[in-house]
Colleague: 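One structure follows; several queries about it will come next.
All heavy atoms count here, side chains included; hydrogens, waters and symmetry mates do not.
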Amino acid sequence: MSGFKSEFLHTLSQRGFIHQISDETGLDQLFAKEVVTGYIGFDATARSLHAGSLIQIMMLHWMQKTGHQPIALMGGGTSMIGDPSFKDEARKMLTEDDIASNLGEIRKNFSPYLHFGDGKQDALMINNADWLMDINYVRFLRDVGRHFSVNRMLSFDSVKLRLDREQSLSFLEFNYMILQAYDFVELSKRHGCRLQMGGSDQWGNIINGIDLGHRMGTPQLYALTSPLLTTSSGAKMGKTADGAVWLSAEMLPAYDFWQYWRNTEDADVGRFLKLYTTLAMDEIARLEALGGAEINEAKKILATEVTALLHGRAVAEEAAETARKTFEEGIAADTLPSIGIARAELEAGTGLLGLVVKAGLAGSNGEARRHVQGGAVRINDAVVTDERMVISTANADDDGVIKLSLGKKKHILIKAE
């Protein structure tokens with residue numbers, strides 16, 4: 001049992017979301033007696049969020065599910081500066097057009113998890129550019145900046161890390177934590193927001209907002225952070241050797257998203273089922289208890305449930321069936337990711353290494369060559385050992401399709417167009 005009386009905190013505690021709370025008793029009582037508005041901030045430095053943001057999105061999901069109002073705060077203003085937290089160096093500066101374009105795409109990442117609208121419990125998507133872009137700098141320094149101690153700001157781990165490594169921390173970035181604190185105060189004034197949530201690396205920034213709110217006359221504000229997640233082997237969530245695990249289907253096919261979760265390490269299956277699915281706790285307990293080869297069934301359920309939340313049940317089940325046909329029956333399912341090659345080019349013949357690169361299975365001919373030499377490349381499930389091999393329509397099946405594979409888990413269909 002979690003010890004929390006409110007459904008929201010009880011759910012988060014049960015499922016492993018809670019790392020730290022500023023005032024457990026006070027926040028629990030608040031959630032138990034009224035509809036609470038809380039927020040998490042997301043930056044706009046890419047055209048999609050990735051799987052590393054899912055723990056935060058799921059916290060907002062459970063907030064709404066238990067009868068409260070979540071806010072997804074988009075950093076249209078703060079993304080022009082960049083959060084220095086635990087970064088080795090300053091981020092690339094984005095233009096206003098870059099950020100506006102990114103925000104338009106990122107909004108789509110939230111709609112499967114949250115219901116937006118004008119009701120008391122409907123989620124809100126708000127852009128902090130609405131207030132940050134029109135700040136009068138001198139007035140802001142007088143009204144807000146005077147409440148911040150530079151000595152205290154220098155003590156935060158996120159800042160100390162950069163300074164200890166003798167890496168530059170610009171005045172621009174140093175302002176980020178002041179702006180984030182001010183966001184909390186603005187959301188409190190505009191929307192009655194009482195809670196800010198985030199990863200544990202944001203604790204100092206959130207506490208700054210609570211302190212600023214206290215000095216500027218808001219009601220009592222609260223902080224709740226989630227643990228910073230890595231896989232059991234220490235890998236960062238949402239990242240693979242091939243890059244980010246994007247939530248946008250345009251940037252990562254649903255089949256590849258499903259595969260990412262199917263490849264979860266054994267030790268992480270139970271934890272990920274609690275964090276990233278809405279399965280009941282007793283069902284998760286049953287799946288956690290599976291051992292040996294049966295753990296693979298739990299991984300498939302994890303992959304399907306996480307994919308269904310994001311891309312829909314039908315797409316998730318199609319991905320699961322594609323994987324089953326590919327791995328268990330050894331056939332080229334027509335729902336595998338595919339690329340088109342001009343028919344004339346394929347008839348004339350194209351080099352294997354270039355094709356591996358074009359299919360996105362390697363970043364260069366040199367990398368593709370190493371894959372071939374290591375026996376990892378297959379054409380139509382047959383291992384290829386000749387790096388100078390030429391692929392043509394002679395390798396295609398009756399439908400003009402060639403199956404190109406890297407290892408046991410990456411498959412691309414080459415189709416003549």
Colleague: On a heavy-atom basis, which atom in L290 and which in A298 lie closest, and how many Å separate them?
Modeller: CD1-CB, 4.1 Å
Colleague: Can you name the one residue among L12, T11, L27, I21 that meets side-chain contact (heavy atoms from CB on, under 4.5 Å) with F4?
Modeller: I21
Colleague: Between CD of E186 and CG of D130, what distance do you get to the nearest 0.5 Å?
Modeller: 10.0 Å
Colleague: Mind jotting down which residue pairs meet the ring-ring contact (aromatic ring centres under 6.0 Å, His included) criterion with at least one end in residues 352-371? Sequence neighbours excluded, please.
Modeller: none
Colleague: Measure across D28 and S6 and return the closest heavy-atom pair with its distance rounded to 0.1 Å.
Modeller: OD1-OG, 2.6 Å
Colleague: So, applying side-chain contact (heavy atoms from CB on, under 4.5 Å) with L60, which one of F42, Y39, Y113 is it?
Modeller: F42
Colleague: State, without any angle test, whether H411 and S405 hold a side-chain donor-acceptor pair at a distance under 3.5 Å.
Modeller: yes
Colleague: Under 3.5 Å, is there a donor-acceptor pair between the D268 and S232 side chains?
Modeller: yes
Colleague: Between K299 and D266, is the salt bridge (charged side-chain N to carboxylate O under 4.0 Å, His left out) condition met? List the steps.
Modeller: CA-CA 8 Å; K299 291 180 184 182; D266 292 2; 2.5 Å; yes
Colleague: Could you tell me if Q373 and E387 have a donor-acceptor pair between their side chains, going purely by distance under 3.5 Å?
Modeller: yes
Colleague: So does K300 pair up with E297, basic N to acidic O under 4.0 Å?
Modeller: yes
Colleague: How far apart are the closest heavy atoms of L361 and E367, and which atoms are they?
Modeller: O-OE2, 4.4 Å
Colleague: Could you measure the distance from the CG atom of L279 to the CD1 atom of I284? Nearest 0.5 Å is fine.
Modeller: 5.5 Å
Colleague: Describe, in one word, how the ring planes of Y255 and W258 are oriented to each other, choosing from parallel (under 30°), tilted (30 to 60°) and perpendicular (over 60°).
Modeller: parallel
Colleague: Which pairs with one or both residues in residues 288-321 pass ring-ring contact (aromatic ring centres under 6.0 Å, His included), sequence neighbours excluded?
Modeller: F257-H311
Colleague: For W246 and N109, which I'm curious about, is there any donor-acceptor pair between the side chains at under 3.5 Å?
Modeller: no
Colleague: Are S248 and R47 close enough that a side-chain donor and a side-chain acceptor fall under 3.5 Å?
Modeller: no
Colleague: Closer than 4.0 angstrom, basic N to acidic O: yes or no for E321 and R324?
Modeller: yes
Colleague: Tell me yes or no: between the side chains of Q202 and Q196, is some donor less than 3.5 Å from an acceptor?
Modeller: no
Colleague: So, applying side-chain contact (heavy atoms from CB on, under 4.5 Å) with E288, which one of M281, K274, R271, E283 is it?
Modeller: K274
Colleague: What's the shortest heavy-atom distance between K415 and S338, and which atoms?
Modeller: CE-CB, 4.0 Å
Colleague: By ring-ring contact (aromatic ring centres under 6.0 Å, His included), which residues pair with F148, not counting sequence neighbours?
Modeller: none
Colleague: Under 4.5 Å between any side-chain heavy atoms of I206 and L221, yes or no?
Modeller: no
Colleague: Between T277 and E305, does any side-chain donor sit less than 3.5 Å from a side-chain acceptor?
Modeller: no
